[in-house]
Amino acid sequence: MRAIRAGLVHVEQGGMSISEGMAIDALRKAQRLRQELEKIPLPMSSKGVTLVTPTIVSTFLQARDNLPAVNCPKDEIPRASLSVRTGEVFLNDQLWLSEKDTISEHDVARDVHLLVNYISSFSAFYGNSQSAIASYWAFLVWLYMAPFAPFLRQGAVSHHIDPWLYPPYAVLYGRSSGGKTLFTQIIAQSMFGVVKSIQSSMFTAQRVLGLRQQLGAIPLLIDDVTPDRMSKYVPDMVRTDRDMAECYAPIVLTTNKDVTSISADLTKRMVTCHIDASLPDSRALQRESPRRLQKEIGTALYRRYLTLMFPRVRDMRIEIDQSDGKQIPDAFTVSSHLLLSLIEQHLPVKPDWVCPLSYRTYQAMRAVQFQRVLVEMIRSHPENIALSRDKRLMQVRFGGDIRQAMAFEKSVPEFVSKGRIADAVKLDIQAMEKELGFAPIHHTSLVERLMKVWKKRK
């Protein structure tokens, strides 16, 4: 301020090196402040140079003090600092866990029983309950691993590996009354003993990115995201995320909206879990309330998971660094095997849905809606399906409905899509079979045989 009042001019040169630590945090805070105050006009000189004067600085300070209170969370924000290198977790600046801590096996067994029984209870839901259980298991495996994603993404980016191999975002979508909101809260509660969530009306990319830095490793839950906010804020937040911090919060979105409206380049950066099952309100009153589980669940299972995961994550980072990015460890495989082992240790018989997962599993999950639509079209409108002579390409027509074709195209994974012309979408059959384990050509041949039999009888 004294320099400005004295009439000095400061010119900041580009290409300056940025140090780690405090400088990075200061830049993040400055960027958030700029976004908050970007609507305040700045005077320009006759040469088009922005002028910064004491009056303008005072205006900025006054505007900052007058920011709406809604932009600031009213309750105290908890923080968990997770350090992979030291194997320690600090909760609100107090040591909460050390890698060398001994966790009570009795408490671990109790949490295992509670979580397994809870997930198994979704078998009573109407719809595709087994698919819902598989999705919830996949979400559990990811969320427990997610606080380590920033550390692994650091290594990935520095060695030119796609960072979305270790996603910090997830979206649960599907039927209403499918238990999505309460499930995310219970799983988050089982991690650090606290739950931090915001309503859809409070959701903006700016606010979420600010909160995730403050929360550290504690998941941030955003419930019942509306279609307009999903399309307005999620793309900018996810697509351009190159944060190199070592610890920030995983972000979980739940919505009843069909995820096919989210483009493929976003879903490949997120874990997508489709919940195709629900329970009527009348039945919900008859089952044991999961709300009680939210109060009873402890953190012993996750603390035990962390003590085992710390050395494994360090090994994964070493593998990335020493191979210069040629070896890409699968964090989903490591996390699922670790949880599977803990469940087997504390249950006499593990459920069938407790199984190993991999990155390919999650890759196939984000295409589940695409597969269902395609199978339904093959079954109900086989006349709109055509194969190339070599049976490598499939063309799906939508009877002149270009909008419907465009909506379907959004759900097609990028490695499967071969383009769209008007209402016709072309698909790579070999890519579906090899990458998704999905062979629609067999469905086509079956339908064709049934159609021939039906026509003969007619």
Side-chain angles (χ1 to χ4, degrees), residues 17-25 27-28 31 79-90 97-99 138-139 141-170 191-192 209 212-220 237-252 265-272 302 305-339 356-363 366:
S17 61
I18 300 175
S19 60
E20 294 289 342
M22 186 177 294
I24 295 292
D25 293 335
L27 285 175
R28 291 196 189 97
Q31 184 180 16
R79 176 174 176 81
S81 300
L82 183 148
S83 174
V84 179
R85 293 182 174 87
T86 63
E88 294 176 328
V89 179
F90 287 82
L97 177 72
S98 172
E99 184 179 343
F139 176 80
V141 169
W142 167 78
L143 190 60
Y144 271 24
M145 180 275 297
F148 295 99
F151 181 74
L152 294 172
R153 285 165 68 91
Q154 278 186 339
V157 172
S158 62
H159 292 287
H160 309 289
I161 299 172
D162 293 329
W164 58 72
L165 294 172
Y166 309 107
Y169 300 96
M191 295 173 68
F192 298 100
L209 294 178
R212 82 169 185 176
Q213 295 295 336
Q214 299 177 63
L215 289 168
I218 297 175
L220 176 60
M237 184 176 68
V238 176
R239 188 184 291 123
T240 60
D241 185 12
R242 287 272 174 169
D243 199 325
M244 289 295 287
E246 189 172 308
C247 182
Y248 50 81
I251 296 174
V252 179
D265 70 321
L266 291 180
T267 57
K268 73 181 180 184
R269 292 170 168 84
M270 308 171 70
V271 168
T272 56
Y302 190 60
Y305 172 93
L306 289 175
T307 61
L308 298 173
M309 194 68 170
F310 273 123
R312 288 168 170 80
V313 173
R314 284 195 293 267
D315 291 342
M316 284 191 278
R317 180 65 181 269
I318 291 173
E319 186 178 355
I320 293 174
D321 293 337
Q322 290 184 347
S323 67
D324 194 24
K326 295 178 181 178
Q327 298 293 330
I328 306 176
D330 191 332
F332 296 104
T333 298
V334 174
S335 180
S336 62
H337 277 283
L338 200 159
L339 274 172
L357 305 177
S358 68
Y359 177 75
R360 284 182 176 272
T361 307
Y362 290 81
Q363 187 181 45
R366 65 187 179 90

Item to check | Pairwise side-chain contact, V89 with F192, heavy-atom cut-off 4.5 Å (strictly under) | outcome: yes

Item to check | Residues that D321 engages under salt bridge (Lys or Arg N to Asp or Glu O under 4.0 Å), provided they are two or more places apart | outcome: R317

Checklist entry - Does Y169 reach the main-chain N or O of M237 with its side chain, forming a donor-acceptor pair under 3.5 Å? => result yes

Checklist entry - Can L82 and L306 be said to form a side chain to side chain contact (heavy atoms under 4.5 Å, CB included), step by step? => result CA-CA 10 Å; L82 183 148; L306 289 175; 4.2 Å; yes

Next on the checklist: Are Q322 and Q327 packed together at the side-chain level, in the sense that at least one heavy-atom pair is separated by less than 4.5 angstrom?
Outcome noted: no

Next on the checklist: Can you confirm whether I328 sits close enough to I320 that some side-chain heavy atom of one is under 4.5 Å from a side-chain heavy atom of the other?
Outcome noted: no

Checklist entry - Hey, is the main chain of Y359 close enough, under 3.5 Å, to the side chain of D330 for a donor-acceptor pair? => result yes

Next on the checklist: Regarding R314 and E99, does a basic nitrogen lie under 4.0 Å from an acidic carboxylate oxygen?
Outcome noted: yes

Next on the checklist: Can you classify the ring geometry of Y305 versus Y302 as parallel (below 30°), tilted (30 to 60°) or perpendicular (above 60°)?
Outcome noted: parallel

Item to check | Qualifying salt bridge (charged side-chain N to carboxylate O under 4.0 Å, His left out) pairs with a residue from residues 150-168, counting only residues at least two apart or across chains | outcome: R153-D241

Next on the checklist: Please check: side-chain N/O of R79 versus main-chain N/O of Q214, any donor-acceptor pairing under 3.5 Å?
Outcome noted: yes

Next on the checklist: Is it the case that the side chain of S335 and the backbone of F332 share a donor-acceptor pair, with hydrogens and angles ignored and the cut-off at 3.5 Å?
Outcome noted: no

